[in-house]
Participant: 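Before we start, here is the structure in question, set down as structure tokens.
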Amino acid sequence: MEFTRPRGTRDFFPEEMEKRRWVEAKIRNTFENFSYGEILTPTFEHINLITAKSGEDIVEHLYTFVDRGKRKLVLRPELTAPVMRAYVNELQSQAKPVKLYYIANCFRYERPQSGRYREFWQAGIELIGSPGAEAEAEVIALAYTILKNLNLKDFTMHIGNIGLLRKFLKNLGITEQSNFLALIDKKEHDELEKQLKFYGVKAEDRKLFFKIISLKGNTRETVARVRELFQDREILKEMDRFEETLNYIDNLGVDYSVNFGIARGLDYYTGMVFEIYAQKLGAEKQICGGGSYSLTETFGGKATPTCGFAIGFDRLILALDKDGVKAGSDNDHGVYVIPVSQEFIAYAMKITSDIREYKVCEMELKRRKLGKALSYASKKGFEYAVIVGEEKISLKNLISKEQVEIDISKMKTSLNTGHR
RNA sequence: GCCACGGUAGUGUAGCAUGGUUAGCACUAGGGACUGUGGAUCCCUUAGCCCGAGUUCAAAUCUCGGCCGUGGCCCCA
């Protein structure tokens with residue numbers, strides 16, 4: 001084949017698009033129901049926006065190019081940075097909180113595999129300027145509600161707290177924390193042990209450290225355990241705050257487990273973090289990630305607490321498929337209009353045009369004989385055929401195969417009342 | 001960036017180990033017959049060895065490289 005798709009991209013045909021649009025609509029409705037407004041930023045940005053947020057090393061995973069004005073640009077690899085950039089540029093003086101959502105495509109130069117493409121879609125939100133536990137709780141509840149509304153069964157939510165880890169590391173005298181958080185996230189415990197020793201952390205504190213990051217499971221027990229393990233005032237304060245968030249989502253009936261091993265490996269996360277997995281997806285099972293962070297100052301704005309998440313739209317679709325969720329609407333099967341011969345084409349076109357006022361309608365455009373035309377109509381899933389010939393018009397139900405002659409003036413009534 | 005497996009009409013496949021006919025079959029699509037009522041039957045047509053190099057008298061078949069696909073590793077903002 002001479003012309004092919006670029007690697008890691010996909011063509012979506014009508015059948016799949018119907019499903020994707022259906023899922024998208026559900027997500028959009030839920031966002032809007034929580035009073036978020038849509039934002040769309042440019043498909044490409046200046047490369048320094050991305051490197052400011054994620055570091056220089058990220059460049060090898062980016063689609064970059066230089067334009068005719070010698071500007072270094074990048075196809076957006078995610079939407080948090082662009083959205084926060086736009087907020088800093090234009091929305092800082094809006095009434096808080098500012099609630100934004102997006103559903104858009106992103107681009108990353110990575111090796112494609114199951115659930116990973118070079119062009120993919122993300123659906124997410126940023127709740128800007130609300131520092132409270134109730135804000136965090138609402139964000140978590142929103143992610144949860146979306147999956148529930150889509151009827152996804154196979155998913156688990158895991159909630160952690162980077163603030164706690166940060167304070168703990170600080171107590172141990174470790175101020176350069178990003179490396180540690182990355183190792184925690186990757187669960188490289190051997191390397192962590194080595195690093196802790198390097199920093200001169202005492203054996204009992206090391207033990208405590210590993211105890212904390214392996215804690216997971218039932219909320220009350222886990223949180224109580226952390227309280228037991230620490231006497232530090234700052235940490236207990238962080239725990240109070242964390243527990244408040246958990247209380248709110250308990251109250252809303254959100255199902256989750258606490259996991260202090262979630263570190264998300266990123267410098268700008270400040271407190272609560274969460275991830276949602278669909279186990280059936282295997283290696284690329286994470287379908288949602290988010291948490292509380294602060295990024296506005298990085299982009300030259302006033303430091304503003306923000307909480308957000310992003311759903312991997314393509315993975316969500318895969319998860320819904322594996323879960324057997326039927327995505328897609330019961331569509332109107334429509335009407336197929338067939339002129340029996342050339343002289344009735346004009347009349348058939350007029351009838352088609354009239355029917356389109358109230359129903360999906362397609363007309364035979366290939367001048368096929370009646371038999372073939374009917375065959376096409378039933379193959380394409382039309383519910384009715386209207387046969388236009390001589391002085392009479394016939395309405396045929398393609399499912400029951402019954403056919404009657406009808407008066408053109410009664411067409412709408414017959415189609416709408418579901419003639420059989 | 002790394003590893004495994006794979007790549008034959010639009011789709012699914014046979015052929016490949018043992019190089020040698022005109023690369024076969026099914027479905028789909030287009031056309032026709034059955035001379036204005038279908039999902040049928042019959043006939044016809046379009047269309048293929050991923051790309052390149054090598055070995056050889058001869059490559060879909062063997063070798064190497066590339067590209068693409070699937071899955072995994074790394075990574076995952």
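In what follows, every chain begins at residue 1, and chains take the letters A, B, ... in the order their sequences are listed.
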Participant: Could you measure between the two P atoms, the one in B:U45 and the one in B:A26, and give it in whole Å?
Facilitator: 14 Å
Participant: Looking for any heavy atom pair under 4.0 Å, which part of the strands does A:Y376 touch: base, sugar-phosphate only, or nothing?
Facilitator: nothing
Participant: Applying a 3.5 Å limit to both distances, which nucleotide forms a Watson-Crick or G-U wobble pair with B:A58?
Facilitator: none
Participant: Considering every strand and a 4.0 Å limit on heavy-atom distances, what is the contact class for A:L62: base, sugar-phosphate, or nothing?
Facilitator: base
Participant: Considering only the C1' atoms, how many Å lie between B:G65 and B:C57, rounded to the nearest integer?
Facilitator: 26 Å
Participant: Expressed in whole Å, how much space separates the P atoms belonging to B:U11 and B:C51?
Facilitator: 14 Å
Participant: Do we get A:R118 above A:Y109's six-membered ring, with its NZ or CZ under 6.0 Å from the centre and within 45° of the axis?
Facilitator: yes
Participant: Please report, rounded to the nearest Å, how far the P atom of B:A77 is from the OH atom of A:Y102.
Facilitator: 12 Å
Participant: Answer yes or no: is there a donor N or O on one side and an acceptor on the other, between the side chain of A:Q92 and the main chain of A:K302, under 3.5 Å?
Facilitator: yes
Participant: Do A:F260 and A:F168 have their ring centres less than 6.0 Å from each other?
Facilitator: no
Participant: Taking the C1' atom in each of B:U8 and B:A47, what is the distance between them to the nearest angstrom?
Facilitator: 13 Å
Participant: For A:K186, answer base if it contacts any base atom (sugar-phosphate contacts may also be present), sugar-phosphate if it contacts only those atoms, and nothing otherwise; contact means non-hydrogen atoms under 4.0 Å.
Facilitator: sugar-phosphate
Participant: Give none if B:U22 has no partner; otherwise give the nucleotide forming a Watson-Crick or G-U wobble pair with it, both distances under 3.5 Å.
Facilitator: none
Participant: Restricting to nitrogen or oxygen on both sides, can you table the protein-nucleotides 3-9 of chain B pairs closer than 3.5 Å?
Facilitator:
unit_1	atom_1	unit_2	atom_2	d
B:C3	N4	A:R111	NH2	3.0

Participant: Quickly work out the A:D11 CG to B:U11 C1' distance and round it to whole Å.
Facilitator: 16 Å
Participant: Any salt bridge linking A:K350 with A:D354? Criterion: basic side-chain nitrogen under 4.0 Å from a carboxylate oxygen.
Facilitator: yes
Participant: In this structure, how many angstroms lie between the C1' atom of B:C68 and the CZ atom of A:R10, rounded?
Facilitator: 16 Å
Participant: Find the distance A:R367:CZ to B:G32:P and express it as a whole number of Å.
Facilitator: 13 Å
Participant: Distance between the P atoms of B:U63 and B:C43, in whole angstroms?
Facilitator: 41 Å
Participant: For A:Y268 and for A:R7, locate the closest nucleotide of RNA chain B by heavy-atom distance; then report the residue assigned to the nucleotide nearer the 5' terminus.
Facilitator: A:R7
Participant: Measure from CD on A:E364 to C1' on B:G30 and round the result to the nearest Å.
Facilitator: 13 Å
Participant: Return yes if a side-chain donor-acceptor contact under 3.5 Å exists between A:Y293 and A:E126, otherwise no.
Facilitator: yes
Participant: If we take the P atom in both B:U37 and B:C25, what is their distance in whole Å?
Facilitator: 33 Å
Participant: Can you see whether A:E176 engages A:S178 through a side-chain donor-acceptor pair at a distance of less than 3.5 angstrom?
Facilitator: yes
Participant: Looking only at side chains, do A:Q195 and A:Y199 share a donor and an acceptor under 3.5 Å apart?
Facilitator: no
Participant: Could you measure between the two P atoms, the one in B:U22 and the one in B:U18, and give it in whole Å?
Facilitator: 24 Å
Participant: What string of B, S and - do you get for nucleotides 33-45 of chain B, 5' to 3', when a contact is any protein heavy atom under 4.0 Å?
Facilitator: S--BBBB------
Participant: Paired with B:C27 by Watson-Crick or G-U wobble geometry, both distances under 3.5 Å: which nucleotide is it?
Facilitator: B:G10
Participant: Answer with base, sugar-phosphate or nothing: what part of the nucleic acid does A:G8 contact at a heavy-atom distance below 4.0 Å?
Facilitator: sugar-phosphate
Participant: A:Y117 or A:I58: which one's nearest nucleotide on RNA chain B is closer to the 5' end?
Facilitator: A:Y117
Participant: Expressed as a whole number of angstroms, how long is the span from A:H61:NE2 to B:C2:P?
Facilitator: 14 Å
Participant: Sort out the partner of B:G38 for me: Watson-Crick or G-U wobble, both distances under 3.5 Å, none otherwise.
Facilitator: none
Participant: To the nearest angstrom, how far is A:L181 atom CG from B:C76 atom P?
Facilitator: 13 Å
Participant: Give me each pair satisfying ring pair (Phe, Tyr, Trp, His ring centres under 6.0 Å) with a member in residues 387-410 of chain A, each pair once, sequence neighbours excluded.
Facilitator: none
Participant: If you take the centroid of each ring, where Trp contributes its six-membered ring, are A:F31 and A:Y101 closer together than 6.0 Å?
Facilitator: yes
Participant: For the side chain of A:R116 and the base of B:C75, is some donor closer than 3.5 Å to an acceptor across the two?
Facilitator: yes
Participant: Any base atoms under 4.0 Å from A:E60, or only sugar-phosphate, or nothing? Heavy atoms, all strands.
Facilitator: nothing
Participant: Charged N to carboxylate O below 4.0 Å: is that the case for A:E193 and A:R206?
Facilitator: yes
Participant: Quote, to the nearest angstrom, the P distance that separates B:U70 from B:C75.
Facilitator: 22 Å
Participant: Counting Watson-Crick and G-U wobble pairs only, both distances under 3.5 Å, name the nucleotide matched with B:C5, or none.
Facilitator: B:G69
Participant: Determine, for A:E24 against A:R28, whether the closest basic-nitrogen to carboxylate-oxygen distance falls under 4.0 angstrom.
Facilitator: yes
Participant: From the options A:K53, A:R108, A:Q122, select the one residue that forms a side chain to side chain donor-acceptor pair (under 3.5 Å) with A:E78.
Facilitator: A:K53
Participant: A:R118 CZ to B:G69 P: how many Å, rounded?
Facilitator: 8 Å
Participant: Among the candidates B:C68, B:G31, B:A77, find the nucleotide nearest to the side-chain atoms of A:K366.
Facilitator: B:G31
Participant: Looking for any heavy atom pair under 4.0 Å, which part of the strands does A:R368 touch: base, sugar-phosphate only, or nothing?
Facilitator: sugar-phosphate
Participant: So which nucleotide does B:C64 pair with, by the Watson-Crick or G-U wobble rule with both distances under 3.5 Å?
Facilitator: B:G52
